[in-house]
Structure formats: structure tokens, C-alpha cells
Amino acid sequence: MLLGVLFFSCSSPTTSGQPGASGSATGSSGMGSTSGSGSSANVGMSGNAAGAGSGVGVGDSGATAPSGATSGSGAVGQSGSGPASGSGTVAGSGSGAPPMDGYSVLQRNKHLSRDGLFLEPMLTKAAAAKMVQDTAFNATLAGTVWASALYIEDGPAHKGVIIAVASSNNVYALDETTGAAVWTHNLGAPGNGGACDGGQFGIRSTPIVDMATRTIYVSGAMGPGVVSRWEVHALSVDDGSPRPGGWPVVIDGKISSAGLAFAPAPHNQRGALSLVGGILYVPFGGADGDCGPYHGWVVAIDTKTPTNVAAWATRGNGGAIWAAGGMASDGNGVFAPTGNANGIPLMNQDSESIVRVTGMAAVNRATDMFTPADWRAIDGGDDDIGATSTVVIDVPGATPSSYVVGASKVGHVYFVNTQMMSQGVTHVTAGKTHSMRTGLAAYKTSMGTQVAMTVDRNATGCPAAAGGTVLMSVLVTPGAPVTPKTLWCYDLTQIGTSCGQTSAPIVTTTDGTNETIVWIMDKGQLNAVDGLTGAKIYAGGTCAGVRQWNAPIAVKDGRIIVTGDGHVCAWKPGP
């Protein structure tokens, strides 16, 4: 039985990966000024932060930004460069105004919470029904593309650029209008997985951008030949040049956790990077085929002093942290979902868990870990929790109101109390093994908090489920604790498994709760679905080679961007 990490085929049930933000949080840095008070909150994002004062990088839901001074009170400030001021429940924007966090997409799924929520005033349901592929946008890349795109509105020469990466170890800044390369930087010769997984590893994870320092952080596998080390690079937003002062950080046998040394060759790094409070978190899992002993790792790098590196690893062999969407955060570290052990231990050794990793890779197993009671059965079926990235949601009126959401491949979705992680609610979305490998998105409508996901193999709670893949929305009803229930399902064309040609979902809304649209790529086609009812709004265009579990992004002017092998595709509202 293959118990490791899947990248190239659907025959092996696992891979390597990671996870928005609610509650008190450390913010991600960004661009655009934020000020004033408002009442339109960003869905799934609540906190105690972004207040008055001078500072860059107002938190996406939290109290302090990774750099710059921010102080005062308020609930949520998104990303910003320049002064941030005001008070109120949420720093927001009125209907029809640009979103307060700007249009930049500086990390996977937009926010620390990994909610995948984009404020796009232009993307009404009527406009989405008229989407057309933007044929004037022509971007070419070298290599396979496993990572989602990012977008920097205030890029080189104050122009917008799309950031894309590839297995060739190339990082691209692409003109937002034409797709032409503004600059390209190569990290060095990419490594491969050797006899077990001979594919070119290179860069497979989504980078992250710190606009306070105008720096892009990116992780790559280094060769030539079999991976000899992993490197984390810091590059200038403006020209792609390497940052000095201890970069790149080399992750090799010198990195250790509780006496366990990191071995580069049997590991892979698929999960999106996270930046919380100035600490960069990099997750690792195994290669396709489970060659060699590997563990789930979270490496922590102090971005101000990059020679300061620490790590946490699962105690047992296996436990890959591999979900492409990465690790969600509520501002206090990250929530890492771990996979199955290689061999079923009598006692749990950190497999099949959701783990809060804080500071420089610290974990308190007594208080910072959720492990479902049926973890041994999940291990035995290779139905790892590490296959789906986490998301943090806020459920107003619930006790508690803050939850981290994860899922196992058997189709169980877990709503875990972020303040008492031993407590969780399970929602069953499927009735068969290997039925869920995805990324999650969260949003609010007039009905309440909803979580979007894909489910394969006879999803439960769906009318006339045919055994293929569905896009599902789960409504989270307030209570003590919450009560999740399947609200709607949307049939996708992929049959049997999303392992191959179905992306992870994102959500757009015009003001935080209205005109919600769930977007997903399926067999190269962009789909737009009504976030409240699940009704089809749009399906069209084509983008070849979109890798499983990547996610589109929404950028300026209502455009939707998605990466595929060798290229980047764009859609825009039609006339």
C-alpha cells in the first residue's frame, strides 16, 4: 500500500502540503492604504486588530503586522502599505468601492485564514455570466506548474504583475495586461525525486509576498539529479534579485527536530508558504511512491534573521504535510494537517492530526493538537487528513465562534475549536475511502458561514449524487458547538476523483456577503457557481494542464487568473 504523497498519478492516495484567519491574529503585509470605519466585513475574517497608528502591513485578521508598527483597536484590517487608522468593527468598504485590502493576492487563497475570499465589486452574478477568456493575455512558462499564481498591484515601476513559478525553478513576474515577462529569476538547477518519483521537483509550492519589505519568499528543490537540498529564497518584488543577509536558507541534514535530522531526498514541498508575525513557515511531506523514510515537517525561518531556523516534525515515519493550499492561521502560528503513518502504530505519533505550530516551530501536544477518535482506521485506509488544506472560520453567535476546518480523504470534515483543540465536530460528506483531496474556501451569505470544497465518490447529502465529483457548500449553523450541514452540490464533469483535473475553489463577493460566487477549474474549464444556491452561472473557456488542487485568483477589473503547465490563463467580464 502506498502511504506517502501523490503528485503525478492518482494511484497513490497521498502527497505533501499545508492551510484564513479569525480571532486575534498576526497580519500579513500588503499594499494600499487602509483607513476609516465600515460595516462590511471580509467573510470568515474577524479579529481584534488593525488599529490606528503608522505601520505597513495591516493584519489580515489580527493584532500585529509582521513588520511596521500598528496599534489601536478595531476588528480587521486587511493588507496595507502606509498609514492605517480608524476604529469600528471592521475596516471595510461600501458597496461598489474597491476592497479595503486592495487587489493584491500576496499568498495562497488571499488571506492568512486561507479562506479564498476576494472582494470584487465588478463581479456580480450578472457580470460573471458573461465571462470570456482574455485572449490578449499570453504568458508562457518553462516547466510544470503546481503552484497557484499571486498578484502584486504595486509591482515593478508601480505596475501590476502576476507572480508565477514552475518546476524549472523559475520565478516569473508577468505584466498583468499582456502576460509578457517583466523579469525572470532562476533559483538554480532543479532536483528530481530519483527512482521513486523521477519528476522534476523544482518549485511546487505557492510563494508568499511581504510588501512591507517588497520581498517574495519561495522554496525550491535543488539538484542537479536527485534532490540534494531544499532552499528558501528571498527575492526583490521589483527586479527578482536575491536579498542579501543570510538568504537563501538551505534546508538539509543540519535541520533537526527532537534529534531527528531532515533528509532532503525523500521529501517534497507542495504546500503553500505562510508568513505570520515575521516567521516564514515551510511544510514538507514525502514523494510520490513513499521512497525512503520521511516525516511531516514544518520549518520556521525568522525573516529578520534568516540564520535563525527551527523545525517541528511528526514523531512517526510518515505524517506528510502536503495539501497544496497550505496551512491556515488565526495569527498565532499555523494549523498543519498531517497525513497517515507508514505502518499503523499502537499509539498515535502525530499522524492524522491538525496541529497548531507556533513561534519558531513550537508544538504543545497536550493543547495544540486535534486527532479524531478513528485516527487508526483513517491511517489503515490511507485516508489522511493531510490531503486537504485547513481554513479558519468565524461563526458569529456560536460558542465558541472560531474554528479551524480540516478533512480526511474518507470525506469527514472536522470543525475544531481553535481555543480548545481537543474538541471538534465531524461532518460526513462522503461514504467511501479516498473521496476527498482538496482545498477549502470560506465565505458568508445571508444564511451564515459557509465552507466550499470538492467531494468525490458518492457524496452524501447531495441530490442524485452520481458517483462523480461535486462542488459542495456546507452551512455552519451557530450553536454550542456548531452544526454543519450540506447546503448544496454542483456537479462537475470529472468522474470518480478530483485527483487530476479539478482545482480547489475560491469565492468572490461584491461587499463581503452579497453576490457570492464560487469559482473552480474543472477539466480546464472555468466554472462560476452561485454561492447561496449552487446554481450554475458560467462554464467556459479552456486552460490546459491545470494541476489538481491549485486555485484560481481574482484580481483587478474582475479578472480571474489560473496557472497551467507552461502557461497562465485569464478570464474577464464580457461586454
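Given the structure is predicted, the values throughout are model-derived calculations rather than measurements. Position 1 is the first residue of the sequence, and the numbers go up from there.
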Taking distance alone, no hydrogens or angles, what donor-acceptor pairs closer than 3.5 Å link side-chain atoms of residues 419-426 to residues at least two apart or in another chain?
none

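Of the candidates Asp456, Val455, Val470, Val455 is the only one forming a side chain to side chain contact (heavy atoms under 4.5 Å, CB included) with Thr429.
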Derivation and outcome, salt bridge (charged side-chain N to carboxylate O under 4.0 Å, His left out), residues Asp330 and Arg356 = CA-CA 10 Å; Asp330 62 358; Arg356 186 196 286 270; 2.9 Å; yes
Given the rule in the side-chain contact (heavy atoms from CB on, under 4.5 Å) test, do Thr509 and Leu119 qualify, once you have shown the distances and angles that lead to the verdict?
-> CA-CA 5 Å; Thr509 175; Leu119 291 183; 3.4 Å; yes
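In summary, the side chains of Thr445 and Gln450 do present a donor paired with an acceptor at a separation below 3.5 Å, with no hydrogens or angles considered. In summary, the side chains of Trp375 and Ser353 do not present any donor paired with an acceptor at a separation below 3.5 Å, with no hydrogens or angles considered. A donor-acceptor pair shorter than 3.5 Å cannot be found between the side chains of Asn527 and Asp522.
Scanning all heavy atoms of the two residues, the minimum distance from Gly278 to Thr303 falls at O-OG1, 2.7 Å.
By the ring-ring contact (aromatic ring centres under 6.0 Å, His included) test, Phe415 is found to be paired with no residue, residues two or more places apart in sequence or in another chain being considered.
Aromatic pair Phe284/Trp230: centroids less than 6.0 angstrom apart.
Formation of a donor-acceptor pair under 3.5 Å by the Thr390 side chain with backbone atoms of Phe335 is found in this model.
For residues 469-483, no residue pair satisfies the salt bridge (Lys or Arg N to Asp or Glu O under 4.0 Å) rule, not counting sequence neighbours.
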